[in-house]
Number of protein chains: 2
Amino acid sequence: MPTDEEGRPRPAARRQGETSRDDAASRLRAAGLRVTAPRVGVLVALECESHADADTVARHVRSSLGAVSTQAVYDVLHALTEAGLLRRIEPAGSAARYETRVGDNHHHMICRSCGVIVDVDCSGEAPCLAPAHTHGFALDEAEVTFWGLCPDCRQ
Amino acid sequence: MPTDEEGRPRPAARRQGETSRDDAASRLRAAGLRVTAPRVGVLVALECESHADADTVARHVRSSLGAVSTQAVYDVLHALTEAGLLRRIEPAGSAARYETRVGDNHHHMICRSCGVIVDVDCSGEAPCLAPAHTHGFALDEAEVTFWGLCPDCRQ
DNA sequence: CGCTTATCTGGAACGAGTCAAGTAAACGTC
DNA sequence: GACGTTTACTTGACTCGTTCCAGATAAGCG
């Protein structure tokens with residue numbers, strides 16, 4: 001069993017769910033959170049389908065766990081975001097979305113047509129925290145969103 | 001405020017807003033839009049208080065024009081944005097905001113504490129349209145939002 | 001096993017924004 | 001300056017995503 005300490009999304013999750021479930025559980029424990037089925041389910045769902053909104057996560061979780069209340073989903077999303085296990089993004093014109101990739105300040109590329117969201121590595125160094133004038137602000141984050149058309153929507 | 005002798009907000013509003021009113025009217029005409037009191041009011045309001053949300057704009061407009069329906073404000077904001085006279089921004093965790101500065105792709109700096117929004121010039125050239133990998137996307141805009149604490153909220 | 005914390009049921013409420021149908025106003029034309 | 005078409009505005013109900021509000025039940029962990 002590959003115990004992946006640093007929460008990197010593992011590409012090869014053979015025996016679907018099994019490994020990522022264990023992984024999710026240990027991440028929860030590491031964050032000092034109780035391990036419950038809904039919490040594990042939310043993490044697994046977002047690993048399988050990143051950048052999903054609350055409703056999509058709920059449906060995903062329900063399809064594998066059965067009945068899970070909407071409030072529980074919101075509670076879990078909130079708690080995990082608070083604990084740093086999830087990152088919440090709010091693209092203009094859509095509901096809040098969540099992703100498991102945390103700890104790095106990567107950015108997003110969004111298709112104006114179909115709305116698909118793709119991760120983009122923070123390109124180098126310069127752009128990421130350097131406005132021309134800070135006007136006295138103490139900045140802690142530079143959020144970059146690229147807008148355009150995805151390959152499928154370009155034809 | 002420039003109260004009109006007659007109760008009506010007619011062309012007797014000759015004071016501070018005079019120039020910007022005329023200017024707003026000509027901008028509307030130039031865009032091929034009809035010149036109506038709510039539209040002029042919205043433009044003037046946003047010139048006076050940039051980055052305001054729909055509700056703030058509505059209150060501002062009402063204080064100078066009297067009764068204006070909420071729907072009209074939304075319609076106007078939508079129409080003017082469509083026509084390119086306004087730019088709409090949707091910072092995470094707040095309602096949509098509007099600004100009259102259009103035509104350049106400047107960015108924003110937002111205070112996490114008080115929510116104030118400050119314009120930031122697009123610093124140079126490089127950062128503004130260059131992710132490391134485009135993954136086949138046809139990009140048309142790079143939106144940058146800087147988050148931090150404003151001078152007033154830093155103490 | 002018991003204490004603590006999470007989740008459930010189910011509702012109500014919220015702000016932001018939209019839809020729909022009728023009324024009023026702007027502007028080119030006479 | 002009045003007319004009539006087109007466009008804008010009013011009114012009011014409504015959707016959507018999200019949060020809050022209990023009290024009751026269930027589950028995790030020491």
Side-chain angles (χ1 to χ4, degrees), chain A residues 21-22 24-43 45 51-59 61-62 64-83 85-86 88-98 115, chain B residues 8-11 21-22 24-43 45 51-59 61-62 64-83 85-86 88-98 115:
Chain A
R21 255 180 208 310
D22 290 351
S26 56
R27 264 183 289 163
L28 284 167
R29 256 183 271 271
L33 295 174
R34 286 191 176 175
V35 178
T36 70
R39 287 177 176 180
V40 172
V42 165
L43 280 175
H51 310 116
D53 59 17
D55 192 61
T56 304
V57 169
R59 261 178 296 136
V61 169
R62 284 178 189 130
S64 68
L65 294 184
V68 175
S69 71
T70 303
Q71 298 78 344
V73 174
Y74 277 105
D75 283 352
V76 168
L77 289 172
H78 197 258
L80 300 198
T81 303
E82 194 86 353
L85 294 182
L86 292 181
R88 174 190 176 119
I89 60 175
E90 288 179 63
S94 98
R97 285 151 185 275
Y98 299 84
Chain B
R8 283 288 181 63
R10 289 309 305 171
R21 267 194 189 317
D22 289 352
S26 56
R27 262 183 291 162
L28 285 167
R29 256 184 271 271
L33 296 174
R34 285 190 179 175
V35 178
T36 69
R39 287 179 175 179
V40 172
V42 164
L43 280 175
H51 310 116
D53 59 16
D55 191 61
T56 303
V57 169
R59 260 177 297 136
V61 169
R62 283 178 189 130
S64 69
L65 293 184
V68 175
S69 71
T70 303
Q71 189 57 42
V73 174
Y74 278 106
D75 283 351
V76 169
L77 289 171
H78 197 260
L80 300 199
T81 303
E82 194 86 352
L85 294 182
L86 292 182
R88 173 191 176 117
I89 60 175
E90 287 180 65
S94 98
R97 285 152 185 275
Y98 298 85

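Sequence lines set the chain letters: A, B, ... in the order given, protein chains first and strands last, and positions in each chain run from 1. All heavy atoms count here, side chains included; hydrogens, waters and symmetry mates do not.
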task = Using salt bridge (Lys or Arg N to Asp or Glu O under 4.0 Å) as the criterion, list what pairs up with E82(B), not counting sequence neighbours.
result = none

query = Starting at CG of D75(B) and ending at P of dA16(C), how long is that distance when rounded to a whole Å?
reply = 17 Å

ask   = Just how far, in rounded Å, is C1' of dA8(D) from CG of L77(B)?
value = 14 Å

request  = Please step through side-chain contact (heavy atoms from CB on, under 4.5 Å) for the pair R34(B) and L28(B), ending with a clear verdict.
outcome  = CA-CA 7 Å; R34(B) 285 190 179 175; L28(B) 285 167; over 6 Å; no

key: Distance-minimising heavy-atom pair for A83(A) and L33(A)   = CB-CD1, 3.7 Å

message = Determine whether V76(A) and V68(A) satisfy the following criterion, side-chain contact (heavy atoms from CB on, under 4.5 Å), listing intermediate values before the conclusion.
response = CA-CA 11 Å; V76(A) 168; V68(A) 175; over 6 Å; no

key: Side-chain donor/acceptor of R88(A) to backbone N/O of R97(A), under 3.5 Å   = no

query = Can you tell me how far P of dA6(C) sits from CG of L80(A), to the nearest Å?
reply = 11 Å

inquiry  = Protein within reach of the bases, or only the backbone? For nucleotides 15-20 of chain D, mark each nucleotide 5' to 3' as B, S or -, using heavy atoms under 4.0 Å.
reply    = --SSBB

task = Could you verify whether a donor N or O on one side chain and an acceptor N or O on the other, from R21(A) and S26(A), lie under 3.5 Å apart?
result = no

inquiry  = Testing the basics here: between E90(A) and G93(B), what is the closest heavy-atom pair and its distance to 0.1 Å?
reply    = OE1-N, 3.2 Å

ask   = Could you give the CZ-to-C1' distance, from R39(B) to dC27(C), as a whole number of Å?
value = 13 Å

query = Looking only at heavy atoms, which two atoms of V57(A) and A52(A) are closest? And how far apart?
reply = CG2-CB, 3.9 Å

task = Could you list the residues that satisfy side-chain hydrogen bond (donor to acceptor under 3.5 Å, both in side chains) with Q71(A), not counting sequence neighbours?
result = none

message = Once you apply a heavy-atom cut-off of 4.0 Å, does A79(A) come out as touching a base, just sugar-phosphate, or nothing?
response = nothing

remark   = Protein heavy-atom contacts under 4.0 Å, written 5' to 3' over nucleotides 22-30 of chain D as B (base), S (sugar-phosphate only) or - (none), form the string -----BBS-

task = Give me the bend of the helix from dC1(C)-dG30(D) to dC30(C)-dG1(D), using the axes of the five pairs at each end, rounded to 10°.
result = 40°

inquiry  = Once side chain to side chain contact (heavy atoms under 4.5 Å, CB included) is applied, do any residues pair with A54(B), and if so which ones, sequence neighbours excluded?
reply    = Y74(B), L77(B)

inquiry  = Could you report the tightest heavy-atom contact between A37(A) and L65(A), atom names first, then the distance?
reply    = O-CD1, 3.4 Å

